[in-house]
Amino acid sequence: MAARGHVQDPNDRRLRPIYDYLDNGNNKMAIQQAEKLLKKHRDLHCAKVLKAIGLQRTGKQDEAFTLAQEVAGLEPTDDNSLQALTILYREMHRPELVTKLYEAAVRKVPTSEEYHSHLFMAYARVGEYKKMQQAGMALYKIVPKNPYYFWSVMSLVMQAISAQDEKLSHTMFLPLAERMVEKMVKEEKIEAEAEVQLYFMILERLGKYAEALEVVRGQLGEKLTSELQSRENKCMFLYGRLEQWPECNALSRKLLLKNPDDWQFYLSYFDSLFNLIDQSWTPPEEGNHSAEGEVHCSVAQAIGFVEERLASEEVKETRPLRGPYLARLELISRLRQRGSPDEQQLGEPLELMFQYFVKFGDKPCCFTDLKVFLHLLSPDHYVQVAAFVNRLTEAVPLGPVGEDGVALPGDTRALQRHLGAAQLSRCLGLQHALSTDGKLALIHELRAHYRHGLQFGTSCLKTELQFSDMYCLMAAHVYIDLWIETGKEHVLWQCLGLLEEGLAHSPSNAQIKLLLLLLFCRLGAFEPVVDLYSSLDAKHVQHDTIGYLLTRYAESLGQFAAASQACNFSLRFFHSNQKDTSEYIIQAYKYGAFEKIPEFIAFRNRLNNSLHFAQVRTERMLLDLYLDADISSTLEESVKNMSLCPEEDDIPWDSLRDNRDLDVFVSWNPKLSKEHRQLSLEEESLWLRLRSLTLRLAGCLSGLCHSPQAPPPATPHAQRNAEKSAENGVASKPADMQPLLGQLERTLGQAAQFTDKHQQYPFLGPPPTRLPQALANGSCQCQLVALQLPLHVQELETSGLDQSAELQAQIANLFKSLTVQLQDMLNKCKGDLLEVTDGRCRAQPSLLENLVFFVETVCVVLWVSSHCSGTLRPLKSSLQKKKKKKKETSTVTPVVLSGFQEFTASLQTLLSQAVEQIQDQESSLTALKLEALSLEGLPQAEVKDTFSCDERTFIKAAMDKVQSSYLRSLQEVGDLLRKRADTLKSLKI
């Protein structure tokens, strides 16, 4: 709540304490103060609204809504009440009610500029573009200011963008917007750059590029001053669209003469040049070549132009610019693509790249500059590539070879040159081609360079990176190569130790944190990952782009509390996106940044359709059910609290967007292929579909529970919350489950086909989903069998116990099948998470994942068992009453009842086994002394000679983190299983 300045109105003075309490978060005192004030001043509407805000913030949403609607019904026009109601409705996520509020205010005070302006912004929040257009024009008529007029024009453009019918956009909305702007142009009323930008946007969307070019080059174009070279960039874009290559070429050339380091103009120069060559264009014999001046239309002219730029750089006394040197390589690349022999005139690429390295090798950007052109070196010719890298290394000024056999740089510039050569070596595949011994020698060299480089960063702040951090990362990558090739886990422990050392010296290095995070996750240790991710301080959209690194492993590794927190982090961002984006749009209208408005809306839609959003939402609801349903509350209550409507699929499958940043890791390996990206998306979608169907089936199951009808919602607010779940709970029918079970069965078939491909992704690529392991350990299949049981039990309830011998036998067999499947799943969890053989330590994270799958499946089976118990109990009671009436002495128990009793007894035994097994795993982990283990497959005495004391400390720290994390996971899984075992006692019939 904004601080309110000095006021004279007595009501403002009375309200001041309530505002202060709300600002300070003291909502209870705010409510009390508001009630006191209302006793004296019953008609003080704002006090009622402020009380409602206090109620909303203390969780009493229904009371707050009732109070707010009471005030809104009076159609207040005082600013205090309107502002307070606006704040309240925003917190309730009901922006549509703000529009009604200001519509009433405008009706009562039709000449108020402020109320009309607020009404326009209220429409903007809910995307009512037609009403925005009308409100903008109404505002312009009251106060004829340009911004209001152009608000109306922009609203027309938004109607065009959001229209389903593209033809309607191009025949009605955009032409009308164009005529409205042209009217202002003719009347010479255009005042601001934003108005010209909007005119340009309209013409561009209409495809009227020639008219747009006239605007940019004309008098109106002079207003385009906010961005550097804005006019030239727009001209360049339009020349390209109009295929006016002579003008495009001439303008690019002219701009390069002014600034020979502007890379975008080199690209447009080359693009236009080769288009002119392809069209066999020749300049006119008389007059100018084009409206922009001289045009180059041959390769010879382009070569001459580039060489002129190079010559002017060579004679400079100051440091040369990189642009002309890279332009020469770009021209060679394009000529080679076209198969032109003229490339030889520019020189040998290998020699030119060497010269570039000599000139700019001490810049960190040198590697990324040259990386683009490495395809010119023919990587297949290993000898040529190796000779090139050796030559680069020889050009680095290093000191004499030390005792460890490594020559080291004397300053940061030499360090950067050596690092650039090493990065090029890895990028060209020379490091990958080394033998195991060669890789170990390379790691030794890289570690020596890393530690030597630390001396140059002794004065660095904690927020700054060390000069030699990249050596640490590269050595870690070579370690990972070795681990993948040999499967020897001690290599991975050494890698973790090195990265822990790197993080100790450079606590702000995000790449070291990300790689540590990935390695710990692959080892099944989630506990250290939470702190690592938190220290990354992910902002805003990063929760969507890199959040998958955290949420993918959170629940699967048994850290349920951390998983819940991780999901909350992401969901908080997604839920605030809608509200925040509306505010960005409003600010864009206020400040005339019209071209940003469609971008904001596209951004909001992209986040709403995010794959990660759908995953996190689904996983969070499932996690809540696993932890709470039938423990702290019934399954039915848990589902109702989520407002889950099982009959409706709220995931936009056709428009899902994969926003993951799969290139977040620094890597010198080939880029992730489109095929891998597509396969990963397919796998993620399949797993999401399975989880979503499981969640919806749990929702259906809760509706089959035998409980009294819930009372109808008492307030409109509660009614709105209940709308989604109107058919939920007791209203659900067995028929609702049948189609969902069919979908689940089909999806499982598709998933099995996908996993049969045994798809492997690069280590630094997308993490594999839980899908392959879920199918391998039988979790999905077991849950499907369990979820089919309620249909059979409902059928039994309909037919009764007397005439259903075959059905009873079928249900009893399903009970036995579930017991067998659960026992098989538990057997796959046996073993030590840290297995020690011959003094070597090997992690087995798959056991932990299997254990979590077992727990999840047990939860589903117990929900189903609870439903079966609720159905069978009255059937048994009814049977006993019949026997008493007929005075039968038969003691034969129906098959289904005896089968269920055996099933619950088996479950009790199974859960006891599982708890004991977890306790045994905890004991063996606790007793494990990691310091006695070998770090390198060597006797402990030799390890002391191989690793320094500090290195051993870092490796031991990494091992301790893994051990501690495993213990935490086992503890949480064990606690949940014990709680689930307690619920079995209530399943007796």
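All heavy atoms count here, side chains included; hydrogens, waters and symmetry mates do not.
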Step by step, would you call E103 with Y123 a side chain to side chain donor-acceptor pair (under 3.5 Å)? CA-CA 10 Å; E103 282 169 357; Y123 287 140; 2.5 Å; yes
Residue pair E292, Y239: steps toward the side chain to side chain donor-acceptor pair (under 3.5 Å) verdict: CA-CA 11 Å; E292 296 286 355; Y239 286 144; 2.6 Å; yes
Step by step, would you call T545 with D661 a side chain to side chain donor-acceptor pair (under 3.5 Å)? CA-CA 5 Å; T545 57; D661 182 0; 5.5 Å; no
Could you go through the salt bridge (Lys or Arg N to Asp or Glu O under 4.0 Å) check for K234 and E232 one step at a time? CA-CA 5 Å; K234 280 184 166 52; E232 290 83 353; over 6 Å; no
Determine whether D271 and R334 satisfy the following criterion, salt bridge (Lys or Arg N to Asp or Glu O under 4.0 Å), listing intermediate values before the conclusion. CA-CA 10 Å; D271 288 340; R334 295 200 182 207; 2.6 Å; yes
Determine whether M158 and M132 satisfy the following criterion, side-chain contact (heavy atoms from CB on, under 4.5 Å), listing intermediate values before the conclusion. CA-CA 10 Å; M158 289 312 302; M132 285 167 68; 5.8 Å; no
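For P110, there are no side-chain contact (heavy atoms from CB on, under 4.5 Å) partners two or more places apart in sequence or in a different chain. Taking the ring-ring contact (aromatic ring centres under 6.0 Å, His included) definition, one finds that F600 meets it with Y584, sequence neighbours left out. Evaluation of the side-chain contact (heavy atoms from CB on, under 4.5 Å) rule for A177 yields V153, L156, V157, I202 as partners, not counting sequence neighbours.
With hydrogens and angles ignored, the 3.5 Å screen pairs no side-chain donor or acceptor of H41 with any backbone N or O of L37. The main-chain N or O of R217 is found under 3.5 Å from a side-chain atom of R231 such that the two form a donor-acceptor pair.
The aromatic rings of F573 and H540 sit perpendicular, their planes meeting at an angle over 60°, well past the 30° parallel limit. Using the six-membered ring where Trp is involved, H296 and Y269 have ring planes that are perpendicular, over 60° apart on the 30 and 60° scheme. Classification of the W151-Y148 ring pair by plane angle, with boundaries at 30° and 60°, yields perpendicular.
I161 CD1 to S169 OG: the interatomic distance, rounded to the nearest 0.5 Å, is 8.5 Å. The CG atom of L331 sits 9.5 Å away from the CD atom of E307 when rounded to the nearest 0.5 Å. Here the CD-OG1 distance, from E166 to T171, works out to 10.5 Å after rounding to the nearest 0.5 Å. Residue S290 holds its OG atom at 14.0 Å from CH2 of W245, rounded to the nearest 0.5 Å. To the nearest 0.5 Å, the span separating CG on N259 from CZ on F265 amounts to 8.0 Å. Rounding to the nearest 0.5 Å gives a distance of 5.0 Å between CD of Q197 and CD of E595.
Nearest heavy atom pair, residue S252 against residue M236, reads OG-SD, 3.3 Å. Residue N146 comes nearest to K189 through the heavy atom pair ND2-O, 2.5 Å, listed as atom of the first residue, atom of the second, then distance. The two residues A64 and A52 come nearest to each other via the heavy atoms CB-O, 3.2 Å. Taking every heavy atom of both residues into account, D537 and K539 meet most closely at OD2-NZ, 3.2 Å. When all heavy atoms of D261 and P324 are compared, the pair lying nearest together is OD1-CD, 4.4 Å.
Salt bridge K186/E188: absent, no basic N to carboxylate O contact under 4.0 Å. Under 4.0 Å is where a charged nitrogen must lie from a carboxylate oxygen, and between K316 and E313 at least one such pair does. Contact check on D23 versus R16 returns no salt bridge, with no Lys/Arg side-chain nitrogen under 4.0 Å from an Asp/Glu carboxylate oxygen. A salt bridge links E583 to R125: at least one charged side-chain nitrogen sits closer than 4.0 Å to a carboxylate oxygen. A salt bridge links K596 with E599; the closest basic N to acidic carboxylate O contact falls under 4.0 Å. For K183 and E187, the salt-bridge test passes: some basic side-chain N is under 4.0 Å from an acidic carboxylate O.
Shown here is K108, whose NZ atom has more than 12 heavy atoms of other residues, nucleotides or ligands within 6.0 Å. Within 6.0 Å of CD in E75 there are more than 12 heavy atoms belonging to other residues, nucleotides or ligands. Within 6.0 Å of CZ in R241 there are 12 or fewer heavy atoms belonging to other residues, nucleotides or ligands. Enclosure of atom CG in D165 by more than 12 non-hydrogen atoms of other residues, nucleotides or ligands within 6.0 angstrom is indicated.
Evaluated for a ring-ring contact (aromatic ring centres under 6.0 Å, His included) with F120, the options Y129, Y589, Y102 yield exactly one hit, Y589.
A cation-pi contact links R617 to F613, judged by a cut-off of 6.0 Å to the six-membered ring centre and 45° from its axis.
Counting heavy atoms from C-beta outward, Q244 and L213 have side chains that approach closer than 4.5 Å.
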